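For reference, positions follow the sequence shown, starting with 1. Since we're looking at a predicted model, the values are computed, not measured.
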Amino acid sequence: MRWWDLDPVLELERGLFPEDAWSPGMFWSELAHARGPLATRRYLVAESAGRVVGYGGLAAIDGTGDIQTIATARDQWGTGLGGRLLTALLAAATDFECQEVLLEVRVDNTRAQRLYERFGFEPIGFRRGYYQPGNVDALVMRRPTQTSSEAPSVQGT
């Protein structure tokens, strides 16, 4: 993800998460940590026919990766795009030498929970009222990272 991707990413973000969409400042702040030798973030976009159809981001700090965001356009649901984005973020966690990856997911987003479970994430707790302003709880999930020999091959990232 680069700065020129932000307008279509924000449009997708607002369409998918109208109550708790990230602000432009949140994305800018994350991208500020995604370049250079001290980078601690990896942000990706997926495009189809010149249109941004998905995105995701990972923060890596002290051996722990945290999936900050992952989303796909509704017309891409069921195509495997979410799995490809997640695979690329897990590969980034391996690149950052993370021993584990965490994420939060809305308790009412069972589609995403099933995706994360297929990738080996397990529930470890809740964050009450995490998603605001709707006051929706988050399920916290954890996955140990794979060794580089176990990591799936990702092309085009």
Side-chain angles (χ1 to χ4, degrees), residues 1-77 79-106 109 111-113 115-116 118-121 124 127 130-132 138-157:
M1 184 183 298
R2 302 299 291 259
W3 66 267
W4 52 82
D5 296 312
L6 288 184
D7 284 342
V9 164
L10 286 164
E11 183 179 337
L12 189 54
E13 174 84 1
R14 287 187 293 267
L16 293 169
F17 311 110
E19 288 186 6
D20 49 15
W22 280 25
S23 69
M26 291 171 76
F27 278 106
W28 277 107
S29 177
E30 288 297 296
L31 289 181
H33 298 282
R35 298 280 181 248
L38 301 177
T40 59
R41 307 291 195 274
R42 180 82 40 89
Y43 276 78
L44 313 167
V45 293
E47 295 181 339
S48 177
R51 169 175 84 101
V52 171
V53 293
Y55 57 90
L58 172 95
I61 299 172
D62 294 330
T64 298
D66 192 340
I67 305 277
Q68 300 290 294
T69 187
I70 188 168
T72 63
R74 283 185 177 87
D75 66 345
Q76 299 295 309
W77 290 2
T79 66
L81 178 58
R84 290 191 302 276
L85 284 166
L86 185 55
T87 296
L89 294 174
L90 293 172
T94 299
D95 292 345
F96 281 122
E97 299 180 356
C98 296
Q99 287 77 50
E100 65 180 355
V101 178
L102 302 171
L103 60 80
E104 293 89 14
V105 59
R106 290 174 63 109
N109 190 345
R111 267 185 70 258
Q113 290 172 34
L115 170 68
Y116 301 140
R118 283 195 318 266
F119 277 77
F121 283 87
I124 60 169
R127 292 183 187 222
Y130 183 77
Y131 292 99
Q132 294 297 326
L139 175 65
V140 181
M141 300 182 83
R142 177 187 174 276
R143 177 187 189 271
T145 57
Q146 298 170 320
T147 66
S148 57
S149 64
E150 296 173 313
S153 171
V154 177
Q155 303 206 4
T157 57

From [atom1] ([X]) to [atom2] ([Y]), nearest 0.5 Å:
| X | Y | atom1 | atom2 | answer |
| --- | --- | --- | --- | --- |
| L139 | R106 | CG | CZ | 13.0 Å |
| L115 | N109 | CG | CG | 9.5 Å |
| R74 | L12 | CZ | CG | 9.0 Å |
| L102 | I124 | CG | CD1 | 5.5 Å |
| E97 | D62 | CD | CG | 12.5 Å |

_Residue pair M26, T69: steps toward the side-chain contact (heavy atoms from CB on, under 4.5 Å) verdict_ = CA-CA 11 Å; M26 291 171 76; T69 187; over 6 Å; no
*Heavy atoms of other groups near E100 CD, more than 12 under 6.0 Å*: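 It does: E100 CD has more than 12 such atoms within range.
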Can you give me every donor-acceptor pair (side chain of residues 49-58, partner residue at least two apart or in another chain, under 3.5 Å) with its distance?
| unit_1 | atom_1 | unit_2 | atom_2 | d |
| --- | --- | --- | --- | --- |
| R51 | NH2 | D75 | OD1 | 3.0 |
| R51 | NH2 | D75 | OD2 | 2.5 |
| Y55 | OH | E13 | OE1 | 2.2 |

_Can a donor-acceptor pair be found, under 3.5 Å and without considering hydrogens, that links the side chain of T87 to the backbone of G83?_
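Yes, the answer is positive, given that a donor and an acceptor are paired below the 3.5 Å cut-off.
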_Please enumerate all residues that pass side chain to side chain contact (heavy atoms under 4.5 Å, CB included) together with A138, with sequence neighbours excluded._
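Here the qualifying residues are E104, R127, Y130, Y131.
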*Could you tell me which residues satisfy side chain to side chain contact (heavy atoms under 4.5 Å, CB included) with I70, sequence neighbours excluded, listed by chain and number?*
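Only I67, L85, L86, L89, Y116 meet the side chain to side chain contact (heavy atoms under 4.5 Å, CB included) criterion with I70.
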_Residue pair V101, M141: steps toward the side-chain contact (heavy atoms from CB on, under 4.5 Å) verdict_ = CA-CA 8 Å; V101 178; M141 300 182 83; over 6 Å; no
*Given side chains that start at C-beta, do those of P24 and L10 come closer than 4.5 Å, heavy atoms only?*
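Answer yes - side chains close enough.
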Taking only distance into account, with no hydrogens and no angle test, what donor-acceptor pairs under 3.5 Å do side-chain atoms of residues 41-48 form with protein atoms, sequence neighbours excluded?
| unit_1 | atom_1 | unit_2 | atom_2 | d |
| --- | --- | --- | --- | --- |
| R41 | NE | E30 | OE1 | 2.7 |
| R41 | NE | E30 | OE2 | 3.4 |
| Y43 | OH | E30 | OE1 | 2.8 |

Could you pull out the closest heavy-atom pair between [X] and [Y], with the gap in Å?
| X | Y | answer |
| --- | --- | --- |
| C98 | G65 | SG-N, 3.5 Å |
| F17 | A71 | CE1-CB, 3.8 Å |
| A34 | A39 | C-CB, 3.7 Å |

_Would V105 and L103 count as a side-chain contact (heavy atoms from CB on, under 4.5 Å) here? Give the steps._
CA-CA 7 Å; V105 59; L103 60 80; 4.2 Å; yes
*What residues, two or more places apart in sequence or in another chain, satisfy side-chain hydrogen bond (donor to acceptor under 3.5 Å, both in side chains) together with T72?*
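Expected list: W77.
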*Please, which pairs that meet side-chain hydrogen bond (donor to acceptor under 3.5 Å, both in side chains) have at least one residue in residues 31-40, sequence neighbours excluded?*
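Checked against side-chain hydrogen bond (donor to acceptor under 3.5 Å, both in side chains) - neighbours excluded - no pair reaches residues 31-40.
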